[in-house]
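Okay, structure first, notes after.
Ligands are counted one by one from 1 in listed order, and the atoms in each one are counted from 1 as well.
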Amino acid sequence: MPVHLLQPPFFQNPSLRVTRRRLLAWFAKYARDLPWRHTRDPYAIWVAEVMLQQTQVAAVIPYYGKFLAAFPSIAALAGAKEQDVLRLWQGLGYYRRARDLYHAARALCTTHGGELPDDAEALGRLPGLGRYTVNAILSQAFHRPVPILETNSVRVLCRLLGVRDDPKKSVVRRRLWQASEALVPVHAPGQFNQALMELGALICTPAQPACGECPLARHCEARRTGTVQEIPRTSRSARIEEVDEVALALRKDTRMLLVQRPPAGRWANMWELPHGHLKKNETHKRGAKRLLKALGFTGNPGGRIAAVRHTVTRFRITLNCMAVERPRGRFCAGLYVRARWLTPSDMHGYPISTPQRRLIKMLGERKRLSKSG
Ligand code: SF4
């Protein structure tokens, strides 16, 4: 950790004042016009913050408007069915966020009359609200001078302060929180926090920061020492692993079996075609038979009829789909909690992940082609 972190001259009062002023002036002039920047409603700010976690701004915009139109208040969200909330979130990914948002809304209706409290501790007890989200809400909705730290602000602060160590280390992280805390002004803390993140998103970008256009260039340690490209230090990313999975299209006439995942774990409570990992050296056909049996059916899986590739964290997954026509037996819960035989149009009403939706669409197109051929 460099000794100058949190030490003068950067953190002397005159420098701090200039830094804040410059950053706020830059933000007033160049900030993107984003829908959540037009509201002071704590709930709408909260929804935006949750949607923006690990998701690009452009992907969030269409979901944000639709979500608030469907659930305009905490009470409306709390009164909805979880399946409807997941369905509206469909395609945005990281569905845990939607479930946490929903359960937090229900908790708020019980404990705080359906309002977000202006209280860090109470907010921090809600599902899905970590220090960043709590402080983003407090600073933007309640004008509390509390710091934020996320990917963009970490990069800006590391470069500004010349932090060469890995920001993922807890000791570095702690110091960065302190730095962010020292920076955030009493006046316009929400604007300032957004400005810090916006600078990281537009100017102080990971690969080609536009230092020539940066309002903080004169204060930047990385620029002064010519280390911009080396900061922030990133740990080597984990190796990508290829994973082969088998999925089953169990069919009875025009209907296909859709199953619901258990209430915990990845894609909890969402619906999908049954699927699972292949064991070592297992063929697709054997894997399909094993899965079929675990679901309570017998039948004869044909060859692969479709495949979808997608990535989950460091796993690159190939979903190999095999059809089983008119399987015998009855669904038994275990791997999945419930099952329904549905036509493709019935499936629109169910929350289904993007790769699974792609697979179902492919199967529909394949069927149409085979009919027309
Ligand atoms: S001068 Fe360059 S490296 Fe420093 S904060 Fe600005 S954009 Fe980032």
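Protein atoms that are N, O or S and lie under 2.8 Å from atom 4 (Fe) of ligand 1 are these: Cys220 SG.
Ionic pairing of Arg340 and Asp346 is not present here: no N-O contact between side-chain nitrogen and carboxylate oxygen is shorter than 4.0 angstrom.
Here Phe67 and Trp89 bring their ring centres to under 6.0 angstrom of each other. Note: Trp36 and Tyr64 meet the aromatic proximity criterion, with ring centroids under 6.0 Å apart.
Considering only residues two or more places apart in sequence or on other chains, Asn320 meets the side-chain contact (heavy atoms from CB on, under 4.5 Å) condition with Asp244, His284, Arg304, Ala307, Thr318. Applying the side chain to side chain donor-acceptor pair (under 3.5 Å) criterion to Glu115, with sequence neighbours excluded, gives no partner residue. Scanning for salt bridge (charged side-chain N to carboxylate O under 4.0 Å, His left out) contacts around Glu213 gives an empty result, with sequence neighbours left out.
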